[in-house]
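Below is one structure, written out as structure tokens; comments come after it.
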Amino acid sequence: MRIGVLAASSRTNPSAIPVVAAYAACAFPEVELVFHPQCTATDGHFAGSDFARAAAFLEYANDPAFDAIWFLRGGYGANRILQMVMPELARAARHKTYLGYSDVGFLLGALYARRIGRVAHGPMVSDINRHDGEATVARSLGWMARGDRSGLEPGLGGQPSAAFNLSILTSLIGTPWLPDLTDHVLIVEEVSEPMYAIDRMLFKVANATQLKGIAGLRLGAVTAVQANEPAWGETLDYMMVRWARDMGVPYLGRAEVGHTQGNHVVPFGVG
């Protein structure tokens with residue numbers, strides 16, 4: 001299996017590249033990881049200019065020699081290339097797997113909205129640098145290369161699902177890039193936000209007309225929560241129950257996804 005690796009968003013520490021390449025060579029010898037030179041590019045905050053990142057994505061997405069696109073990391077910036085890349089995707093792009101999370105959710109959402117390829121929220125290359133990071137990236141490599149379902153989020157059933165970082169999801173609402181999630185279980189996760197901001201984003205999710213018709217809500221990891229002054233006084237699960245009630249859907253509990261070592265793969269649609 002030939003997997004192209006791209007950085008669609010922020011510049012990154014390149015140390016993950018040789019580490020994950022060495023790990024994949026030993027644990028997944030059937031996989032050829034091809035790192036685009038753009039992975040180590042820098043342009044201020046970004047892994048290369050918007051044009052460079054868009055060109056790299058189109059180069060690999062439209063190349064029939066690649067079976068999958070695996071993203072290097074998140075951060076910020078994938079939204080800035082949507083207008084450039086989505087109209088230019090060719091036939092070969094429709095037959096690939098695309099896997100990432102966090103800011104890459106902009107691309108995943110836009111691809112799924114147009115039913116281009118097989119889209120999944122899951123660990124990225126940079127997750128090799130986490131504690132026990134080999135186990136983390138193995139979930140993605142195993143699912144992509146071998147169809148190994150052991151790396152899937154354990155609570156997935158036969159119902160369609162989709163997973164997003166909450167900040168990315170709320171940015172997609174009201175745009176043409178948000179997919180139709182009717183009858184999907186929607187999983188959200190978040191990192192580095194105070195509780196009031198999480199509550200405000202959940203308000204938008206609960207009241208978004210584009211999300212009417214989802215089957216239920218689940219909550220992934222919420223980590224590195226910023227201090228709230230005064231103390232917030234509500235738990236995350238209480239907030240989820242309250243907003244799910246306003247939305248008229250069930251809160252279906254926790255999910256093993258997010259900015260953690262325990263991040264699991266969530267294929268969009270039926271896993």
Side-chain angles (χ1 to χ4, degrees), residues 74 100-106 108-109 112-113 119-123 136 139 149-175 177-228 230-271:
Y101 71 105
S102 191
D103 188 72
V104 173
F106 282 112
L108 301 181
Y112 191 58
V119 175
H121 177 290
T136 308
R139 298 183 193 114
R149 298 179 61 82
S150 66
L152 296 185
E153 201 289 317
L156 298 180
Q159 195 154 21
S161 297
F164 286 95
N165 173 265
L166 187 57
S167 295
I168 305 309
L169 177 64
T170 54
S171 294
L172 284 166
I173 289 170
T175 75
W177 310 116
L178 182 71
D180 180 2
L181 297 176
T182 300
D183 296 328
H184 287 59
V185 173
L186 176 59
I187 304 170
V188 295
E189 56 86 18
E190 192 50 85
V191 63
S192 299
E193 294 286 353
M195 293 290 277
Y196 80 86
I198 296 169
D199 193 65
R200 184 166 57 198
M201 288 186 282
L202 288 171
F203 159 80
K204 189 168 185 180
V205 169
N207 289 277
T209 56
Q210 283 178 292
L211 292 176
K212 300 304 180 186
I214 69 167
L217 284 170
R218 296 180 67 196
L219 179 64
V222 178
T223 54
V225 177
Q226 301 299 302
N228 216 99
W232 180 247
E234 290 181 341
T235 67
L236 288 161
D237 288 286
Y238 180 85
M239 289 160 59
M240 292 296 293
V241 169
R242 175 163 50 77
W243 289 118
R245 182 183 62 233
D246 283 11
M247 198 174 191
V249 301
Y251 172 52
L252 301 173
R254 291 301 187 106
E256 294 185 27
V257 301
H259 287 66
T260 65
Q261 187 278 335
N263 192 19
H264 283 64
V265 176
V266 178
F268 283 36
V270 178

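From a predicted model like this one, the values you see are computed outputs, not experimental measurements. Heavy atoms only: backbone and side chains are in, while hydrogens, waters and symmetry mates are out.
The CG atom of D183 lies 11.5 Å from the OG atom of S161; values are rounded to the nearest 0.5 Å. Atom OG in S167 sits 8.5 Å away from atom CD in E189 (nearest 0.5 Å). Separating the CG atom in L178 from the CG atom in L169 is a distance of 6.5 Å, to the nearest 0.5 Å. Here the CG atom belonging to D180 is positioned 9.5 Å from the CG atom belonging to L211, to the nearest 0.5 angstrom. Atom OG1 of T182 and atom CD1 of I214 lie 9.5 Å apart (nearest 0.5 Å). Within the model, atoms CH2 of W243 and CZ of R245 stand 9.5 Å from one another, a figure rounded to the nearest 0.5 Å.
V205 is listed as a side-chain neighbour of L186, based on a closest heavy-atom distance under 4.5 Å. Inter-residue side-chain proximity for V188 and L219 is flagged as met; some heavy-atom pair is nearer than 4.5 Å. With a 4.5 Å cut-off on side-chain heavy atoms, W232 and P194 do not count as touching.
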**Item:** N165 and D103: CA distance, side-chain angles, deciding distance, side-chain contact (heavy atoms from CB on, under 4.5 Å) verdict
**Value:** CA-CA 8 Å; N165 173 265; D103 188 72; over 6 Å; no

**Item:** Derivation of the side-chain contact (heavy atoms from CB on, under 4.5 Å) call for N207 and D246
**Value:** CA-CA 8 Å; N207 289 277; D246 283 11; 5.7 Å; no

**Request:** Output, in order, the C-alpha distance, side-chain angles, deciding distance and verdict of side-chain contact (heavy atoms from CB on, under 4.5 Å) for L236 and M195.
**Result:** CA-CA 8 Å; L236 288 161; M195 293 290 277; 3.8 Å; yes

**Request:** For side-chain contact (heavy atoms from CB on, under 4.5 Å), just list the numbers for H259 and Y101, CA-CA rounded to whole Å, side-chain angles, deciding distance to a tenth of an Å, and then say yes or no.
**Result:** CA-CA 9 Å; H259 287 66; Y101 71 105; 3.9 Å; yes

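Considering every non-hydrogen atom in both V265 and A120, the closest pair reads CG1-CB, 4.0 Å. Considering every non-hydrogen atom in both R218 and L156, the closest pair reads NH1-N, 4.1 Å. Closest of all the heavy-atom pairs between L172 and Q210 is O-OE1, 4.3 Å. Between I187 and A255, the shortest heavy-atom contact is CG2-CB, 3.7 Å. The minimum heavy-atom distance linking T136 with Q261 is given by the pair OG1-O, 2.9 Å. Contact between A215 and P250 at its shortest, heavy atoms only, is O-CD, 3.3 Å.
Formation of a donor-acceptor pair under 3.5 Å by the D199 side chain with backbone atoms of M239 is not found in this model.
In summary, the aromatic rings of F268 and F164 are positioned with their centroids under 6.0 Å apart.
A perpendicular orientation is assigned to the rings of Y112 and H184, their planes being inclined by more than 60° (bins at 30° and 60°).
E256 and N263 are not linked by any side-chain donor-acceptor pair at a separation below 3.5 angstrom, with hydrogens and angles left out of the test. No hydrogens or angles considered: nothing links the side chains of T235 and D237 as a donor-acceptor pair under 3.5 Å.
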